[in-house]
Amino acid sequence: MPMPRPTLSGIALLAAMLACACAWAAPVIDDSTLVTQELPNGLNVIVREVPGSGLVAAGFAIRASVLYESEQERGLSDIVRHMMLDVPGPDGMDVATSLGDTGAIFDSHTSLDSTQIRLVAAADAFYVLLPRFVKAVFEPVFDEAVWAQQLPELRRNLLDAERRPLGRHHMLLWETAFADHPYGRPVAGTATGVAAYSADALAAFHKKHYVPNNMSLLIVGDVKSADVLAAVAELAGGYASHTVDVPAVTPAPRPTDSRTRLEKAAIRGTIVSYAWHGAGIDNKRDVCTLDLIYALLGEGSEARLDEALEADTAEGVVPQVEFITRRDPGLFIITLLCQPEAELNARETVVGQLQKLQDEPITEQELQRARRTIHAGYAFDNQTFAGQVGSMGFYEAIDTYRFAIDYLAEVDKVTVEDIRRVATEYLDPNKSTLVIIRPRKPGDATKEARLIP
Amino acid sequence: MPAAQETLANGMNVTTIAGGHGNVCGVHLGLAIGPDRVPPHKAGLRAVTQQVLLRLLTSGIAEREDLAGLRQEAGAGGGMRVEMQADYVELAASVTTEALEPLLSLLSSSVFAADWTEDDVVAAKESLADAGGETAGNISAAAQLHSLFQRALWGDTVWTRPVWGTPQTRDQITLADVRGFYETYYVPNLASLCIVTPFAESEALRMVTEAFGRHEPRQVAAPAPFAGTVTSSRVETDMNLAVESAMLLVGVPLPPVGSDGFVRGMVAYGALSGAGGLLASDKTIATGLTLADRIGGSSVSPIDVMPVSLTSHPCLAVIARAVPTAVESTREGILRHILGLAEAPLTQEQLQRAKLRAINLNALAADGPESLATVRNRMHLVGATATDSETFSARVMAVTAEDLQSFAAEQFTRHGIGLLLPEG
């Protein structure tokens with residue numbers, strides 16, 4: 001999936017939905033008015049015209065994330081983004097508040113693969129705000145006094161996140177699954193690690209990574225391509241490019257056995273996650289197949305996992321299935337929130353459902369339903385220009401924006417046999433990462449253990 | 001976006017807009033049913049009827065075989081909402097092209113040809129009591145404050161009645177009342193539909209006509225004219241056990257939506273609101289305010305300019321929570337800035353910021369097909385035209401500091417204040 005979406009409420013599915021599956025559907029991202037241009041300094045600009053809409057969304061997709069950080073730069077992608085955009089400089093309002101104060105929408109985030117910075121504004125305000133937007137990305141100020149003031153709060157927030165059970169669980173899962181790959185490191189760094197940085201280190205990281213040839217600018221909305229390309233060339237064409245020296249990263253090999261972490265925490269219920277190494281963006285057929293498996297197992301109240309858990313466990317178990325496409329193979333995750341006494345049954349159910357996917361081909365009807373779920377979800381994710389910039393920027397950072405346009409056509413190519421093959425190849429219960437956080441009882445100590453799934 | 005407007009043979013107004021939103025369609029159906037249609041002792045009848053409709057729509061989606069696609073979309077990001085505004089009631093939905101026709105069919109049958117039971121009415125009343133944050137049989141503080149403010153601004157009009165009624169007035173509403181109200185007012189000739197789709201105009205109109213054209217119009221008496229009686233500034237005060245600090249709603253009337261005056265009013269809104277706006281920049285006001293609330297991880301300021309509602313009688317209003325001893329200084333501080341717009345022109349920097357804010361907020365309110373359908377249809381329901389929408393930004397950009405000052409001098413000649421105090 002292009003972007004993480006919240007867990008969806010269960011709505012009953014019926015086979016009758018297939019009756020309307022053949023209706024006409026407009027392209028989710030229509031590329032008929034799409035223009036691309038690479039500026040001489042390497043900045044790739046992608047523009048999609050939607051005349052008359054009155055709105056414009058623009059986003060920088062920057063290859064700055066854990067994937068590109070050296071040993072000495074851990075967490076800096078997120079810290080630099082935060083400091084340059086969310087923290088007031090020596091003379092007043094921060095960039096996010098300042099652009100937001102004009103009534104525009106401005107947001108940014110750093111993920112495992114990239115940093116994305118977005119602006120959405122009225123078409124008539126866009127050209128007024130574009131210079132501020134571009135300057136905020138290329139010319140931030142990192143002030144030593146401001147950094148010294150921010151550091152304690154940053155460390156406190158990181159410590160809080162590490163201590164929260166769900167945050168701790170997430171960190172354990174990725175750390176256990178990716179011992180030797182950057183995906184195993186926390187995006188925001190660690191409370192201990194950030195203390196070593198200075199404002200100069202932040203500025204150096206920015207200078208190294210925020211160069212035109214290491215980013216793309218995506219624009220969708222009520223603009224004329226020629227005009228906006230000329231404006232971008234004038235505003236950003238003067239920034240110099242240079243070779244970005246980043247560590248070579250080899251995709252993590254798929255595990256050959258299971259890895260398990262068990263901890264206890266002051267929580268009432270148990271958190272269990274199974275994770276498997278999925279496909280990376282270079283294997284699009286398998287990425288799309290895993291997306292369909294995600295829909296089959298976890299979307300809607302006829303989702304296989306929901307139905308099976310309801311049938312097998314007396315107590316309520318809340319499942320969540322997650323698969324986000326990444327540059328390198330990421331994780332296909334099934335998380336269960338349950339009462340301690342329901343844990344074993346729930347885990348058996350998960351293993352049973354995966355086994356079923358390998359043993360029995362799904363029906364064409366189920367495949368159609370899963371496709372329809374993916375189609376609908378993708379359509380709603382991209383109904384706004386900001387959503388389209390988000391999807392194209394997401395894929396541009398790890399591959400090419402084109403995949404955002406071609407995605408649904410690729411999903412439609414997946415066959416029943418693909419589902420079985422991919423489930424067998426990737427989702428082997430005996431080659432999973434299992435992380436469990438159970439409620440701590442009085443006298444319990446934190447433990448690590450190696451268990452059979 | 002290219003928009004076309006038609007009136008069906010049954011009197012229903014239809015606006016179709018060709019969207020650039022991929023495969024998602026937005027639908028907004030409004031009915032010009034104002035609070036004047038409700039007898040005072042049955043206040044809340046509109047709300048109960050709307051809530052019954054929501055139940056019908058929800059159960060329709062859950063049970064009808066032909067609506068399974070809609071069920072799936074509700075789980076994938078689509079959905080439907082039923083709401084009420086001062087002058088009209090409304091239903092809005094977001095669906096993909098594949099589910100559009102089933103949705104229109106469901107809306108049509110639910111809004112113009114439905115029936116229900118006593119149980120539905122009882123459940124609707126219970127939902128309203130739960131959702132309204134009512135405590136011990138009293139209406140919520142927010143509804144009480146709104147009612148006080150409306151009385152201060154317009155006098156004793158139908159707008160001062162709580163739109164959801166009170167527990168006591170809702171108790172008076174029977175199944176027959178809801179049926180009678182529905183049969184009288186849920187008619188195509190009071191309805192306006194706006195649909196944003198990737199379809200050609202003719203195809204979108206065909207779908208709408210097929211779904212809604214079969215309903216016959218019915219004669220409805222003309223609405224009672226809005227009878228505002230206030231000509232000077234007023235304060236309306238009351239007390240509420242549930243509030244811990246004083247709540248003020250201070251505002252001025254604005255000209256009709258779509259007019260040049262309204263456009264200038266929106267620039268005034270831009271100047272007053274936001275982190276860099278006149279109110280937030282005045283640290284003297286902050287002294288008497290309560291601390292910011294934290295809701296869902298976000299900080300909610302104790303003072304804010306209310307978004308301007310698209311109604312027949314819009315207003316520019318500021319809401320604040322203050323310690324009871326600072327009510328007077330807060331009132332004075334807010335009015336100093338609202339009325340101050342007439343005293344001196346904004347600086348060019350302030351004006352530029354206010355204009356950007358006005359056009360950005362206006363454009364972003366229509367971000368996405370459902371939002372676009374909603375904004376356009378609401379404008380139509382309060383008498384504004386498509387041109388008013390399309391020229392909004394240009395008209396904002398043409399406003400000068402002198403225009404704004406003279407507008408404020410002419411328009412902000414009286415104000416209304418609703419004040420809710422904690423008891424004791």
Side-chain angles (χ1 to χ4, degrees), chain A residues 5 8-30 50-55 93 97-98 100-105 120-125 128-129 220-221 299-301 369 372-388, chain B residues 1-2 18-24 26 61-62 65-78 94-102 197-199 270 273-277 352-353 355-364 366-372 389-390 392-394 396-397:
Chain A
R5 284 192 285 121
L8 304 168
S9 58
I11 303 289
L13 304 178
L14 290 178
M17 47 130 325
L18 295 173
C20 59
C22 56
W24 177 80
V28 169
I29 303 176
D30 181 358
V50 188
S53 56
L55 266 175
M93 219 183 254
T97 306
S98 161
D101 187 50
T102 66
I105 293 174
V120 190
D124 294 298
V128 179
L129 299 178
V220 176
E299 286 290 292
S301 65
R369 197 163 57 215
R372 180 86 171 84
T373 300
I374 295 284
H375 274 253
Y378 197 63
F380 288 115
D381 284 346
N382 290 284
Q383 64 177 313
T384 62
F385 301 154
Q388 294 175 24
Chain B
M1 295 279 186
H21 306 281
N23 200 32
V24 176
I61 293 173
E65 288 282 305
D66 62 327
L67 297 176
L70 269 180
R71 281 198 285 284
Q72 194 168 19
E73 293 198 355
S94 188
V95 292
T96 66
T97 49
E98 292 95 324
L100 180 59
E101 290 200 84
T197 76
F199 296 110
S273 61
Q352 171 76 350
R353 176 193 167 278
K355 288 178 178 182
L356 282 177
R357 199 167 162 77
I359 61 175
N360 276 328
L361 292 171
N362 178 65
L364 286 162
D367 188 12
E370 184 193 320
S371 302
L372 177 57
S389 290
E390 287 153 10
F392 181 84
S393 290
V396 165
M397 292 316 279

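Considering only heavy-atom pairs separated by less than 4.5 Å from chain A, the leading option among B:V396, B:N362, B:L372, B:V95 is B:V95. The residue among B:T197, B:L364, B:T96 with the most heavy atom pairs within less than 4.5 Å of chain A is B:L364. Among A:T97, A:V220, A:D124, the residue with the largest count of heavy-atom pairs under 4.5 Å with chain B is A:D124. Among B:A394, B:G276, B:G270, B:G368, the residue with the largest count of heavy-atom pairs under 4.5 Å with chain A is B:G276. The greatest number of non-hydrogen atom pairs below 4.5 Å with chain B, out of A:G54, A:G52, A:A123, is found for A:G52. Most heavy-atom pairs under 4.5 Å with chain A, from the set B:G274, B:A275, B:A358: that is B:A275. Annotation: maximal heavy-atom pairing with chain B below 4.5 Å, among A:V50, A:T384, A:D30, A:T102, occurs at A:T102. Of all the listed residues (A:P51, A:S98, A:A104), the one sharing the greatest number of non-hydrogen pairs under 4.5 Å with chain B is A:A104.
Side-chain atoms of B:N23 do not come within 3.5 Å of backbone N or O of A:V28 as any donor-acceptor pair.
Contact of A:I105 with chain B is made through backbone and side chain together, with heavy-atom distances under 4.5 Å. In this structure, chain A has no heavy atom under 4.5 Å from any part of B:E390. Of the atoms belonging to B:S94, heavy atoms from both backbone and side chain fall under 4.5 Å from chain A.
The CD atom of B:Q352 sits 14.0 Å away from the CZ atom of B:R357 when rounded to the nearest 0.5 Å. One finds the CG atom of B:L356 at 10.0 Å from the OG atom of B:S393 (value rounded to the nearest 0.5 Å). Between the CG atom of B:D367 and the CD atom of A:Q383 there is a distance of 8.5 Å, given to the nearest 0.5 Å.
Contact detail for A:A125 and B:N360: the closest heavy-atom pair is CB-OD1, 3.4 Å. Closest heavy-atom contact between A:R372 and B:E98: NH2-CB, 3.6 Å.
Taking the side chain as every heavy atom from C-beta outward, A:I29 and A:Y378 approach each other to under 4.5 Å. Looking at B:T97 and B:F199, their side chains come closer than 4.5 Å, going by heavy atoms from C-beta outward.
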